[in-house]
Amino acid sequence: MTGMKGPGIFLAQFLGDEAPFDTLDGLAEWAAGLGYVGVQIPCNAQLIDLKLAAESKTYCEDLRGGLAKHGIEVTELSTHLQGQLVAVHPAYDTLFDGFAPPEVHGKPAERQLWAVEQVKLAARASANLGLSAHATFSGALAWPYVYPWPQRPGGLIEEAFAELARRWVPILDVFEDVGVDCAFEVHPGEDVHDGATWERFLAAVDNHPRARLLFDPSHFVLQQLDYLDFIDRYHDRISCFHVKDAEFNPNGRTGVYGGYENWVDRAGRFRSLGDGQVDFSSIFSKMAQYGYDGWAVLEWECALKRSDDGAREGAPFIRDHIIRKTERSFDDFAASGIDRSAIRKLLGLSEERP
């Protein structure tokens, strides 16, 4: 029987300079001790040699073996930072240079080429690791124009998405070649940040079969989007799932835009699992209803709670919400067991069809 897998945990927020958070082995042992059975690995040199993983199945077998001794699997690889750099508006060049190696700082064109190659390597590495999906960001060319003031000139958004597609289609083709889904996290700051922009992007890449979604309900709360309706609309493209909570408490002082406040003082705040407003019971029910068989992965972010407490609470929260889909109907005990002839009689029909 297949079904949702988990609990998993995204390692990006826990990677550090001190043990056990400074190595993949240390993080795997730590995660296993908290009850996780999978780790989502950011493509950071501290955790994985991405080029070697893309070229060597032996390296990938050794990596998987090292995790397996702790009872841990790889859920997905992540190129959120590299994917962001596939498309960067010049207004963000300086800020996003920090996502790339020093040798391409101040060189947007070279940085973009580096990012594209990194995501392609991640596709091949994912295949060598036996993974079915990969997590990333779309990047953004149009984000500075998200609010239509001053008035946007006609064609600006269309050209932004056309260019985004020109950059991503060759990458998506690599994912197709290796048989791995490329799941874009719907996220503010990306050109793909809601259902409407996802539809624009999907149309621009000609409904590419490997263009998929990473579903994270916390970003829907902060944008005041209906995350349950999103699942209904786009469930056939969801390949990854970040289990992250959030709350939205607007007042007369601040709302969706946040008033340039810090995370604690914003109306929309990320919270640890169970501390926010996300209806996870309904989400897990819909994911089961539509047959989602990927991983449920904690991405911990919280404006208030300590990360170690959030990680400790996350594994049982996810485990208790995963629905193992039933293989039989709940009312099978009352089945009548009558044959076709009896059924026709019940319908007032003759024994033989006219």
Side-chain angles (χ1 to χ4, degrees), residues 4 6-10 12-13 40 78 80 84 135-138 140 143 146-147 183-199 213-235 237-290 292 294-307 309-311 313-314 317-318 320-323:
M4 189 182 296
I9 185 170
F10 187 27
Q13 285 81 9
Q40 188 177 82
S78 152
H80 282 84
Q84 183 79 62
T136 196
F137 277 152
S138 69
W143 184 252
V146 67
Y147 194 79
F184 296 94
E185 182 170 358
V186 174
H187 190 289
E190 312 304 316
D191 278 343
V192 177
H193 59 267
D194 60 10
T197 52
W198 165 245
E199 291 176 10
L213 290 163
L214 186 161
F215 175 70
D216 180 338
S218 67
H219 303 300
F220 292 73
V221 172
L222 269 57
Q223 294 186 75
Q224 289 296 279
L225 290 165
D226 187 333
Y227 46 80
L228 297 179
D229 182 64
F230 185 91
I231 298 173
D232 287 333
R233 291 173 184 265
Y234 309 114
H235 58 86
R237 289 273 179 170
I238 295 175
S239 292
C240 298
F241 177 21
H242 273 176
V243 188
K244 190 168 78 173
D245 212 342
E247 63 184 357
F248 185 68
N249 300 304
N251 53 42
R253 184 170 177 271
T254 183
V256 170
Y257 297 110
Y260 298 113
E261 298 285 353
N262 60 38
W263 280 112
V264 171
D265 297 322
R266 294 173 72 93
R269 310 190 296 188
F270 296 123
R271 297 300 307 276
S272 284
L273 289 185
D275 293 347
Q277 298 168 349
V278 174
D279 181 359
F280 283 107
S281 293
S282 294
I283 288 174
F284 277 84
S285 294
K286 281 195 178 289
M287 297 292 257
Q289 173 185 339
Y290 291 120
Y292 175 75
W295 283 86
V297 176
L298 169 72
E299 183 186 19
W300 178 86
E301 290 180 352
C302 185
L304 298 176
K305 184 172 287 184
R306 284 172 53 111
S307 61
D309 290 334
E313 295 168 355
F317 185 96
I318 293 173
D320 291 346
H321 276 80
I322 290 177
I323 296 172

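Just the heavy atoms: all of them, side chains too, but no hydrogens, waters or symmetry mates, feed the values below. Treat the numbers as computed from the prediction; the structure is a model and nothing was measured.
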field: Derivation and outcome, side chain to side chain contact (heavy atoms under 4.5 Å, CB included), residues Trp263 and Phe270
entry: CA-CA 8 Å; Trp263 280 112; Phe270 296 123; 3.6 Å; yes
field: Verdict with reasoning, His219 to Glu185, per side-chain hydrogen bond (donor to acceptor under 3.5 Å, both in side chains)
entry: CA-CA 10 Å; His219 303 300; Glu185 182 170 358; 3.0 Å; yes
- request: Go through the steps to decide whether Gln40 and Glu299 satisfy the test side chain to side chain contact (heavy atoms under 4.5 Å, CB included), and finish with yes or no.
  value: CA-CA 9 Å; Gln40 188 177 82; Glu299 183 186 19; over 6 Å; no
message: Assess the residue pair Glu247 and Val221 against the criterion (side chain to side chain contact (heavy atoms under 4.5 Å, CB included)); give the C-alpha distance rounded to whole Å, side-chain angles, the decisive distance to 0.1 Å, and a yes or no.
response: CA-CA 7 Å; Glu247 63 184 357; Val221 172; 5.5 Å; no
- request: Go through Glu313 and Leu273 one step at a time and tell me if the side chain to side chain contact (heavy atoms under 4.5 Å, CB included) criterion holds.
  value: CA-CA 7 Å; Glu313 295 168 355; Leu273 289 185; over 6 Å; no
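For Gly189 against Ala140, the heavy-atom pair with the smallest separation is O-CB, 3.3 Å. Across Trp300 and Ser272, no two heavy atoms sit closer than the pair NE1-OG, 2.8 Å. The two atoms that bring Ala183 and Cys240 nearest to each other are CB-SG, 3.7 Å, heavy atoms only. When all heavy atoms of Arg269 and Val264 are compared, the closest pair comes out as NH1-O, 2.9 Å. Summarising the geometry of Glu199 relative to Tyr234, their closest heavy-atom pair is OE2-OH, 2.5 Å, with the distance given to 0.1 Å. Taking all atoms of both residues into account, the shortest heavy-atom contact from Asp194 to Leu225 is CB-CD1, 3.7 Å.
Between Arg266 and Glu261 no salt bridge is recorded (no basic side-chain N to carboxylate O distance below 4.0 Å). Between Arg271 and Glu301, none of the side-chain N atoms (NZ, or NE/NH1/NH2) sits under 4.0 Å from a carboxylate O, so this pair counts as no salt bridge.
Of the inter-residue distances, the one linking Ser218 atom OG with Gln223 atom CD reads 10.0 Å to the nearest 0.5 angstrom. Taking OH of Tyr227 as the reference point, atom CZ of Phe215 lies at 8.0 Å (rounded to 0.5 Å). Considering CD1 of Ile238 and CZ of Phe241, their distance stands at 9.0 Å, rounded to 0.5 Å. Expressed to the nearest 0.5 Å, how far CG of Asp226 lies from CD1 of Ile231 amounts to 9.0 Å. A distance of 10.5 Å separates CG of Asp320 from OG of Ser281, quoted to the nearest 0.5 Å.
Put simply, the side chain of Asp245 gets close to the backbone of Gly274: a donor and an acceptor are under 3.5 Å apart. Under a 3.5 Å cut-off, the side chain of Tyr292 and the backbone N or O of Trp295 do form a donor-acceptor pair. Side chain of His321 to backbone of Phe317: a donor-acceptor contact under 3.5 angstrom is found.
Side-chain contact check for Leu222 versus Pro188: every heavy-atom pair is 4.5 Å or farther apart. When side chains are defined from C-beta on, Leu213 counts as touching Val186, because their heavy atoms get closer than 4.5 Å. Within the 4.5 Å cutoff, the side chain of Ser138 has heavy atoms near those of the Phe184 side chain. With contacts defined as side-chain heavy-atom distances shorter than 4.5 Å, the pair Lys305/Asp275 qualifies. For the pair Trp198 and His193, the minimum side-chain heavy-atom distance is 4.5 Å or more. With contacts defined as side-chain heavy-atom distances shorter than 4.5 Å, the pair Met4/Phe284 qualifies. Using a 4.5 Å heavy-atom cutoff, the side chains of Ile9 and Leu298 are in contact. Between Phe220 and Phe230 there is a side-chain heavy-atom pair separated by less than 4.5 Å.
Using a 3.5 Å distance cut-off with no hydrogens or angles, the side chains of Tyr290 and Asp232 do pair a donor with an acceptor.
Remark: Gln224 pairs with no residue by the side chain to side chain donor-acceptor pair (under 3.5 Å) rule, at least two apart or across chains.
Taking the six-membered ring where tryptophan is involved, the planes of Phe137 and His80 are perpendicular, since the angle between them exceeds 60° and thus also 30°.
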